[in-house]
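Structure first, then comments.
Counting starts at 1 for both ligands and their atoms, in listed order. All values below come from the heavy atoms of this structure, side chains included, with hydrogens, waters and symmetry mates left out.
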Amino acid sequence: MANDPNAKIAKYSFYQNVEMYFDKAAVFTKLPKGLLEQIKVCNSVYTMHFPVKMGNEYQVIEAYRAQHSHHRMPTKGGIRYSIHVNQDEVMALAALMTYKCAIVDVPFGGAKGGIKISPRNTTAKQLERITRRYTVELIKKNFIGPGIDVPAPDYGTGEREMAWILDTYMSYHPGQIDGYGCVTGKPVSQGGIRGRTEATGRGVMFGLREIVSYKDDMKAIGMTVGLKDKTVVIQGLGNVGYYAAKFMEEEGCKIIAIAELEGAIHDPNGLDVMKLVKHRKETGSILNFPGATNIAISAAALELECDILIPAALENQITEENASRIKAKIIAEAANGPVTPMGEEILLEKGCLIIPDMYLNAGGVTVSYFEWLKNLSHVRFGRMQKRADESTYNNIISTVERLTGRQLGEKERGMITRGADEIDIVNSGLEETMIEAYRQIREVAKKHKDMKSMRTAAFVVAIQKISESYMAMGIFP
Ligand code: NAD
């Protein structure tokens, strides 16, 4: 099937790929076999078939929700709308969510949902009907709730779908005080949080900025430190790809190519991402962007010479079939599962640094966690302390001015004494999370000289943290 991410898999499914990555890391942990098996296994999967009226007839919709791990509750993970959704994919994505949450210290188990539909070929009204009915199915089986399982956006979904889910959930739970925490990625007017929409892409940038700041690590792959002037190729100009491109551009990177479903475009001098988005809105395609060259076969863009390749579309994009032709020094997995284990082997042999999905795209779930906290606390971040902080800073500045006899200008004073708004607190929390998580992964990688991949180090960090939950419960002494 055209563009089916699974069509390229020769031998193993997405879920098997995740299991293979897990097994590779498990040997480094020296944990008991039973405990490793419990961490790895997918706890529950709910498969649904429900009728929805589409036009004059009813269509049977196939949908899923997988909860990979209940070691922490609620479980958490996005909902994907794609014609390629299947049980294996949802289970793989749910498993990645468990490890992702552990890596960034988000106290949730992993989950994922999916509806097998093409959002492009479905009207907004039909999408609303399907989303609401899917939510009812989750409610009926107790698969959704602020303390049970909390969905979020993923491929093919966004704020709008999350607002429908919230509205449906609240209709069935009137008066539930914490009900708004049943889903994240909502519009701000519906209990969402500022910064969630762009969080995954911003997290990709924060992660990369930290990774390229280590001189020795960069020297090992023939790169200089810093993001400035680095050449970047991005696959997928959706939520994650667009914001990753925008923030990387703001850091001084040159986005030299972008690949989409309709083809790819290339400009060695760097594309203007905002202008490209405008062009796509006007023409319906990224192709024929002024100054850029069209590349007819979209996947060929992945093989361009560049410093950083960011796959931000779907899984199984870099496999044993094309890995040997990839020239990027760093592959930054903004999508989930873009590199298969066999593809990874080839890339590692070539000395490529692969930054794993379960770390690099964790910005989305991190800010979803902040949104959930906001919903449970019923107060906007910054509301209680912003003015108090400003008053303290003003007092400090006034004292310094009095002691030094020097006066600050109004603009300068305003900048220094400004208290933090919600967006400042969210972005600061996200930056701290991405930096701290990378330091933990790097420490493990440095400790094991025989550990070839950063993914293995990330898995070890995740497995260790999850194992501690089970051990603390005395289940696996
Ligand atoms: P999206 O639907 O907003 O965008 C995906 C884009 O990729 C679309 O524009 C689509 O046309 C394009 N695309 C699909 N197949 C392609 C191909 N073969 N070549 C080039 N372009 C292609 O989805 P998204 O939310 O940006 O998610 C992208 C990836 O990031 C997924 O793997 C998802 O699981 C992962 N992710 C998303 C989030 C989030 O917060 N949205 C968080 C973590 C991880």
Determine, considering heavy atoms only, which of [options] sits nearest to [atom].
atom: atom 27 (O) of ligand 1; options: Leu261, Val240, Val367; answer: Val240
atom: atom 28 (C) of ligand 1; options: Ala313, Pro153, Gly201; answer: Ala313
atom: atom 3 (O) of ligand 1; options: Asn239, Asn316, Thr200, Leu93; answer: Asn239
atom: atom 11 (O) of ligand 1; options: Glu260, Glu315, Arg280, Met358; answer: Glu260

Under 4.0 Å, heavy atoms only, figure out whether ligand 1 is touched by the backbone of [X], its side chain, both or neither.
X: Arg120; value: side chain
X: Ala362; value: neither
X: Gln235; value: side chain
X: Ala334; value: backbone

Can you tell whether the side chains of Lys112 and Glu89 come within less than 4.0 Å, N to carboxylate O?
no
Taking distance alone, with no angle check, do Lys112 and ligand 1 share an N/O pair under 3.5 Å?
no
Looking only at distance, does Asn361 have an N or O less than 3.5 Å from an N or O of ligand 1?
no
Quick one: does Glu333 get within less than 4.0 Å of ligand 1, heavy atoms only?
no
Check whether more than 12 heavy atoms from other residues, nucleotides or ligands sit under 6.0 Å from atom [atom1] of [X], and answer yes or no.
X: Glu262; atom1: CD; value: yes
X: Lys327; atom1: NZ; value: yes
X: Lys350; atom1: NZ; value: yes

Test item: Thr98 side-chain N/O and His68 main-chain N/O as donor-acceptor pair under 3.5 Å
no
Kindly state whether the ring of Tyr64 and the ring of Tyr46 have centres lying under 6.0 angstrom apart.
no
Checking side-chain hydrogen bond (donor to acceptor under 3.5 Å, both in side chains) for the pair Ser368/Thr184: CA distance, chi angles, key distance, verdict?
CA-CA 5 Å; Ser368 273; Thr184 59; 2.8 Å; yes
